[in-house]
Amino acid sequence: MEFTLIDGKTKFQFPVKPEELMISRSKGYETINMLEHGEFDFAQGEKVKEITFSSFFPKEYDASYCMYEKDFPDPRVAMNMLNTFLVSKKPLRFIITNTGVNVPVYLISHNTTFRGGESGDIYFDITLRTWRDSKVEKVGSAASGSKSGSRTDLKKSSKTYTVKSGDSLSKIAKLELGSSSKWNEIYKLNTKIIGSDPNRIKPGQKLVMP
């Protein structure tokens, strides 16, 4: 099991495997206090995960606990590399082999400890936070699949009725509007088509309905 941070073409492998690693997961929430009812929590989605572990950079290679010997890093050089990752504004990739951990992260903190009697060794605690891209859709964008510049026609299209033999306005009003007494509403919309006499409608006429 190898612990590795990758920054572009730069690959940094921790020489000593941590004894344990902790991944912190939590959900965001907002608490609102309502008078006479007390507090209520409202979920706001998953928070960013935090990954923490501790290990050390040994001054001398020891096969009993060191993961590799080739290109074994000097402790000070290794700490400088972590400092470079810390100030970087680009996410890194954190990989633990033989596990499902392969995620983009930011290195947000590391603490250094020097212990008496272990000259040259540098101990550290490190904290990573998983990174995710923020995708904000622009207002007015063509994300819905419509062509750029096109507008949705929100105007309701008018309904029409074609007059049949034996029809009258009261009959049409009863059939289409649910009440024969609404014949006058149809007549007002179609006066130019029907003429001065609302009782003289002709088959084939297309009447606009209210």
Side-chain angles (χ1 to χ4, degrees), residues 1-34 38-143:
M1 184 182 294
E2 300 174 353
F3 289 66
T4 306
L5 281 172
I6 301 176
D7 180 17
K9 295 182 180 180
T10 303
K11 180 180 179 180
F12 179 80
Q13 182 181 343
F14 292 90
V16 179
K17 181 173 65 176
E19 292 184 0
E20 62 179 10
L21 176 142
M22 183 174 70
I23 301 178
S24 176
R25 300 177 177 87
S26 61
K27 178 185 291 185
Y29 66 93
E30 180 181 5
T31 300
I32 296 178
N33 194 337
M34 297 183 181
E39 292 185 343
F40 292 86
D41 291 336
F42 296 90
Q44 295 184 328
E46 184 184 14
K47 286 186 175 181
V48 171
K49 299 181 184 69
E50 285 197 356
I51 303 171
T52 58
F53 60 90
S54 302
S55 187
F56 73 101
F57 296 120
K59 180 65 176 177
E60 303 293 338
Y61 172 79
D62 188 324
S64 64
Y65 52 76
C66 292
M67 300 291 295
Y68 59 93
E69 183 176 7
K70 184 180 179 180
D71 298 327
F72 188 75
D74 179 84
R76 293 186 179 182
V77 173
M79 290 306 301
N80 288 336
M81 181 65 70
L82 291 185
N83 286 332
T84 300
F85 292 157
L86 182 67
V87 299
S88 175
K89 295 183 179 180
K90 299 185 300 180
L92 312 166
R93 179 148 302 265
F94 180 55
I95 301 173
I96 305 177
T97 57
N98 301 322
T99 71
V101 178
N102 186 339
V103 291
V105 298
Y106 281 118
L107 194 163
I108 62 168
S109 72
H110 70 86
N111 302 313
T112 304
T113 303
F114 297 91
R115 298 181 180 178
E118 300 181 30
S119 179
D121 293 349
I122 300 179
Y123 290 77
F124 66 88
D125 304 310
I126 193 170
T127 301
L128 309 170
R129 280 172 65 88
T130 54
W131 174 85
R132 56 191 178 199
D133 192 10
S134 56
K135 296 180 180 180
V136 180
E137 184 177 329
K138 294 182 179 180
V139 176
S141 67

Table please: side-chain donor-acceptor pairs of residues 1-22 below 3.5 Å, with sequence neighbours left out.
none

key: Partner residues of E50 under the side chain to side chain donor-acceptor pair (under 3.5 Å) criterion, sequence neighbours left out   = R129

request  = With sequence neighbours excluded, tell me which residues meet ring-ring contact (aromatic ring centres under 6.0 Å, His included) with Y65.
outcome  = F56

Residues which pass side chain to side chain donor-acceptor pair (under 3.5 Å) with S54, listed by chain and number, not counting sequence neighbours = D125

key: Side chains of F114 and I122 in contact at under 4.5 Å (non-hydrogen atoms)   = yes

N/O donor to acceptor pairs below 3.5 angstrom from side-chain atoms of residues 98-108, sequence neighbours left out:
from, atom 1, to, atom 2, distance (Å)
T99, OG1, I96, O, 2.7
T99, OG1, V101, N, 3.2
N102, OD1, R93, NH1, 2.8
Y106, OH, K89, O, 3.2

query = From T112 OG1 over to Y123 OH, what is the distance, rounded to the nearest 0.5 angstrom?
reply = 13.0 Å

message = I'd like to check the side chain to side chain donor-acceptor pair (under 3.5 Å) partners of D121; sequence neighbours left out, ordered by chain and number.
response = none

remark   = Those residues at least two apart in sequence (or on a different chain) that pass side chain to side chain donor-acceptor pair (under 3.5 Å) with N83 are H110

Sequence neighbours excluded - ring-ring contact (aromatic ring centres under 6.0 Å, His included) pairs with any residue from residues 67-87 = Y61-F72

task = Scan for salt bridge (Lys or Arg N to Asp or Glu O under 4.0 Å) pairs involving residues 74-83, sequence neighbours excluded, and state none if there are none.
result = K59-D74

